[in-house]
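Note sheet for the following structure.
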Amino acid sequence: MRRPDVVVVGGGAIGLAVAWRATAAGLTVEVVDPAPGRGASWAAAGMLAPVTEVHYGEESLLGLNLASARRYPSFVAELEEAAGRPAGYRRCGTLAVAADNDDNRALGEVIDFQRRLGLEVERLTARQCRQLEPALAPSVRGGARVEGDHQVDPRTLLSALLGACGNTGVAFTTERVASVEVAGGRATGVRLASGTLVTSGSVVLAAGAWSPAIVPQGWSVPVRPVKGQILRLRHRGGRAILSGNLRGLVGGSQVYLVPRSDGRLVVGATAEEMGFDPAVTAGAVLELLTDACALVPDVAELELVETSAAFRPGTPDNAPLIGPSSLDGLSLATGHFRNGILLTPVTADAIAEHLVSGQLPDVAAPFTPLRFARSVA
Ligand code: GLY
């Protein structure tokens, strides 16, 4: 029977980063996931945009998002060293634009909100927007530039995380976890779907939207799936039609375009309360492409390479669950909703520190699962 110090349930960006950081801190770690490196992380666009993605009412989450964005350069430098391959981080900035006059007024309100929060954002005229991004439609009304909002290619990041885990001795079990095991009032490991028991000193639940299905009977995790449909396109000549991330307001709807320098482009995303409905719908593809083409007409010339649906792990307050639960031996690293890729470094560091020292760092303390103590495992 295996007995690692830690079993991490879930091999998305968060689970892999937790495993790598915990191993680097001297623990033995096993990741259990039927398909490590896939899931919601594989579908994500990888915008690292705490400022342009700020939402009204999420001011405390903003602090965590900014802290993780600041951590990204050193995190990827260490990751690339450990993995021996690139991690896909790109400093490119983000331009937010408005398609019509109402959108431009709404964008103005967002900019006022961002400035009240002390964030750096530069208001731009339509002409200045087109100087930055010549592919923008002449109809775009105005915009705002945020120098500090960048991107990472999540698929390159996942490949680097898998490489770093492999190089540092993380063990992998490519099976589904049926449940966290409990004995004597504490988590003692996981039961695999095949019936095999993996016993461990601690369990970290990083299974995204699937986390609630894995906690033992009588416990719960306040996470629900929020479906996102997302498109992948590419320029057949390998030319990037945008130089940086683009967020748009189009007739009141949000759309984002995340360009890679080799001509690939990610367009996202819907946010739907549809449970685990995996369908990619014609209506969502139509809406995303219509909005993307309204901002950047050349999108219509790109090859549509992939459509996908994935599930963000949403929580009641839209903020993640990071740290120990009320079940001894079980920590949560889930509920990251729209910010899983952005919050990967700060979550991994916080969970690794907690596993080693028993202390959750101050930056993560407000996001303890114990804030939902009456319902959380
Ligand atoms: N952060 C982008 C999304 O959730 O679609």
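Numbering of ligands and ligand atoms starts at 1, following listing order. Please read these numbers as outputs of a predicted model, since none were measured by experiment. In this chain, residues are counted from 1 in sequence order.
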(request) Would you mind telling me if ligand 1 is within reach of the side chain of Tyr256, the backbone, both or neither, using heavy atoms under 4.0 Å? (result) side chain
(message) Can you see whether Ser308 engages Gln229 through a side-chain donor-acceptor pair at a distance of less than 3.5 angstrom?
(response) no
(message) Can a side-chain donor-acceptor contact be found between Gln359 and Ser357 if the only test is distance below 3.5 angstrom?
(response) no
(message) Quick check on contacts: which atoms of ligand 1 are under 4.0 angstrom from a heavy atom of Glu53?
(response) 1 (N), 2 (C)
(request) Enumerate the atoms of ligand 1 whose separation from the nearest heavy atom of Ala269 is less than 4.0 angstrom. (result) 5 (O)
(request) Look at Asp349 together with Arg71 and state whether they make a salt bridge at an N to O cut-off of under 4.0 Å. (result) yes
(request) Run through Asp103, Asn101, Asp100 and flag the one making a side-chain hydrogen bond (donor to acceptor under 3.5 Å, both in side chains) with Arg141. (result) Asn101
(message) I'd like to know if the side chain of Gln254 reaches the main chain of Leu249, judged simply by a donor and an acceptor atom lying under 3.5 Å from each other, with no hydrogens or angles considered.
(response) no
(message) So for Arg312, does at least one of its heavy atoms come nearer than 4.0 angstrom to any atom of ligand 1?
(response) yes
(request) Considering only non-hydrogen protein atoms, determine which one is nearest to atom 1 (N) of ligand 1 and report residue, atom name and distance to 0.1 Å. (result) Arg338 O, 2.8 Å
